[in-house]
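Structure first, commentary second.
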Amino acid sequence: MMNLDSSWDLIVIGGGISGAGIFREAVRMGLKSLLLEQQDFAWGTSSRSSKLVHGGLRYLKEGRFFLTRDAVRERERLLVEARGLVTPIGFLVPVYKDRGPGRWTLEAGLSIYDLIAKRRQHDYLDAETFVNQAPNIDRKGLVGGFQFFDAQVDDARLVLRLIFEGMANGGTALNYVRVAAVGRNKDGRVNGVTVEEVHAHQTLSLKTKAVINATGCWAERLHPSPQKNRHLRPLRGSHLIFPAPVLPVDQAISTIHPADGRAFFVAPWEGAVIAGTTDLDHQNSLSAEPRITEDEVAYLLDGLHAMFPALDVSARDCIATIAGVRPVLSEGKCEPSEESREHVVWVDNGLVTVTGGKLTTFRKLAFDALKAAKPFLPTDTTTDEGSPVFQPFKSQPVSPSPLADSHWERLNGRYGDSAETIVTGTSPSDFAIIPGTQTMWAEILHAAAHEKIHHLSDLLLRRVRVGLLTAEGGREHLSRIRHLCEPVLGWNSNRWKKEIRDYQEIWRFAHGMPGHFARSRGRLKSFFFNVGKRLRKHFA
Ligand SMILES: Cc1cc2nc3c(=O)[nH]c(=O)nc-3n(C[C@H](O)[C@H](O)[C@H](O)COP(=O)(O)OP(=O)(O)OC[C@H]3O[C@@H](n4cnc5c(N)ncnc54)[C@H](O)[C@@H]3O)c2cc1C
């Protein structure tokens, strides 16, 4: 970091989707741009979402038409411009005689969705056809249901692709560098920041023409809300992840949770199935990894039992949990799920703060922030809202290709131009898919070599999601991962031991089962271990 230039046009604080989107567009505008993230890129909320790029049907119900309109339009653009990363997903919504939204309410919402997208993509199915699509669904009182299309994404990879393409086009982005303070001249105009390199404990002062504070839930630490009665209200949402055979669904299903009438969903994701979500005030420190509570696990399991009464899914089947904290602006007057998900922009003499919002609408947020920063930036720069967000999709670089078209599309979506390097520089055995995921071993090697890894957790929780998709954080794969990455990471044996220990601790804390659910899993494991030991002794 000591070699870092000391003077910038724009410094973006926060390496989540908001900061990454702003950084990508700022670089395209020709600004000398620096992005700083206090932890790893996407460490915050942006790797812990429900992974949907969606219009949000429920926002229509709440009368937030413009939010849905913007989100549906962005979804349509991203499906084209982020092909292979933002992918279509079918959604099923059952209609019951005596509960949940009725047929005509849903028909109205989905018709508006289609009008915005300018194509019809929903159908009403009778009960029998619906059950064929969702075989394990609760049939009591089922009268039929809808099928429509939305999109989903690997949220962390969306952030990373924006950041790495911004860097490839001349921007600079650093993880594990915290902004401690924003500096101003004697007239109060922003002129720099003080930064702290987290691992080296070094501090440095940098000059800049403007700063964009895109720190999500942390935003008020750098700039308090200018609205006296409206502040950030961190709201936690948690998910459970199951192996696909436990929850066999090949499209997403959304119902109403019986406890509180909130939307509850399951969706296939990356070879596993994700179920969520909760919506509660997050009382814990924002410095700690957010984690699911026992009550949230029980609530999500109740949702699953109501959706699929015959499946008998239990906490023991769950491979990982994810909890994230929504940055929501609130006047503190309503229930968490009634709070607006729209973003806000505050401008203060060279410091633009942008927070709230959704993953889906990151580009709109980026342009709103950059337009607000314009008076402080070099005069000859303008935003370019028409350009595709990413480099165009490429066809396979080698022929005959070692990859099926669908695998290439996925690789290109996640890594952009670097997908070519992965394909041409990989030994055939590393094209194999890690069981239970859609990730190739080659991706792990590429990320370790080229994607700013500081810790094993960066690699397994965000560059690839093996830590969330395989049992116990991918424990059985750790020795192969070490063998593969040792030559490029350059960690000695002690460092590997420490990284593995730290990673497993983070995993248990933030992605394992909490409290008594974890203890009962432990008891069950030791029961089988002891039975195994006795049997071995008996037959020895
Ligand atoms: C449970 C849940 C489900 C969701 N599902 C969806 C969904 O399906 N679709 C959708 O569109 N949206 C969804 N969202 C909303 C979406 O995830 C968030 O709005 C979005 O990720 C917020 O991004 P952000 O960049 O503003 O914040 P973050 O991702 O939190 O990024 C802020 C970053 O700033 C960094 N930072 C803080 N202070 C400093 C500092 N001083 N110096 C340097 N760095 C700093 C933090 O470490 C953090 O990484 C969901 C949110 C939650 C919680």
Side-chain angles (χ1 to χ4, degrees), residues 11-23 34-56 59 67 70-71 74-75 78 86 89 150-153 155-156 158-159 162-163 173-182 193-198 211-223 232 234-239 252 263 265 267 269 274 276-280 282 286-287 289-290 292 296 321-329 336-337 341-344 353-366 369 462:
I11 294 182
V12 181
I13 315 174
I17 189 68
S18 306
I22 294 163
F23 173 69
L34 173 66
L35 177 144
L36 300 170
E37 164 55 50
Q38 64 178 356
Q39 297 262 355
D40 185 28
F41 302 131
W43 175 84
T45 310
S46 301
S47 57
R48 306 170 200 253
S49 79
S50 301
K51 288 65 170 112
L52 297 173
V53 171
H54 64 156
Y59 305 132
L67 178 60
D70 293 341
E74 279 307 305
R75 179 196 70 190
L78 287 168
V86 175
I89 180 172
D150 245 318
Q152 72 173 171
V153 67
D155 46 6
L158 182 64
V159 173
L162 289 164
I163 291 178
L174 300 173
N175 47 356
Y176 295 99
V177 177
R178 190 176 81 88
V179 173
V182 175
V193 295
T194 307
V195 305
E196 185 185 295
E197 201 175 15
V198 173
V211 173
I212 299 185
N213 167 20
T215 54
C217 295
W218 292 262
E220 284 201 68
R221 293 195 179 168
L222 291 169
H223 191 275
L232 277 166
L235 294 174
R236 187 176 62 248
S238 300
H239 304 88
F265 81 98
W269 180 68
I274 184 164
T277 169
T278 55
D279 203 350
L280 304 153
H282 181 67
L286 289 177
S287 311
E289 298 256 351
I292 195 168
E296 287 175 280
T321 63
I322 318 177
V325 186
R326 300 177 179 90
V328 167
L329 262 298
S337 52
R341 274 20 177 187
E342 272 154 292
H343 63 263
V344 293
T353 297
V354 59
T355 185
K358 293 179 61 65
L359 197 75
T360 308
T361 44
F362 75 86
R363 180 165 28 193
K364 178 155 192 332
L365 177 148
R462 288 170 290 274

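We count ligands from 1, going down the list as the structure has it; atoms in each ligand are counted the same way. We use all heavy atoms of the structure for the numbers below, so side chains are in, but hydrogens, waters and symmetry mates are not. Not measured: the values here are computed from a predicted model.
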Does ligand 1 have any N/O pairs with the protein under 3.5 Å, and how far apart?
residue, atom, partner, partner atom, Å
ligand 1, 5 (N), S50, N, 3.0
ligand 1, 8 (O), L52, N, 3.0
ligand 1, 8 (O), L52, O, 3.4
ligand 1, 9 (N), L52, O, 2.7
ligand 1, 11 (O), L359, N, 3.0
ligand 1, 11 (O), T360, N, 2.8
ligand 1, 11 (O), T360, OG1, 2.7
ligand 1, 12 (N), L359, N, 3.2
ligand 1, 19 (O), G357, O, 2.8
ligand 1, 21 (O), S46, OG, 2.9
ligand 1, 23 (O), S46, OG, 3.1
ligand 1, 25 (O), I17, N, 3.2
ligand 1, 25 (O), S18, N, 3.0
ligand 1, 25 (O), S18, OG, 3.3
ligand 1, 26 (O), S18, OG, 2.7
ligand 1, 29 (O), T45, N, 3.3
ligand 1, 29 (O), S46, N, 2.9
ligand 1, 29 (O), S46, OG, 2.5
ligand 1, 30 (O), T45, N, 3.0
ligand 1, 30 (O), T45, OG1, 3.3
ligand 1, 41 (N), V179, O, 3.0
ligand 1, 42 (N), V179, N, 3.0
ligand 1, 44 (N), Q38, N, 3.0
ligand 1, 47 (O), E37, OE2, 2.6
ligand 1, 47 (O), Q38, NE2, 3.0
ligand 1, 49 (O), E37, OE1, 2.7
ligand 1, 49 (O), E37, OE2, 3.2
ligand 1, 49 (O), G44, N, 3.4

With sequence neighbours excluded, what pairs up with K51 under the side-chain hydrogen bond (donor to acceptor under 3.5 Å, both in side chains) test?
-> D155
Tightest non-hydrogen contact, residues V198 and V177, listed as CG2-N, 4.2 Å
Please work out which of the three classes, parallel, tilted or perpendicular, describes the rings of W43 and W218, given edges at 30° and 60°.
-> tilted
Can you name the nearest heavy-atom pair linking I163 to F23, along with the distance?
-> O-CE2, 3.5 Å
Pair H54, T360: side-chain N/O donor-acceptor within cut-off below 3.5 Å | no
Of all heavy-atom pairs between H239 and S50, which one has the smallest distance, and what is that distance?
-> NE2-OG, 2.8 Å
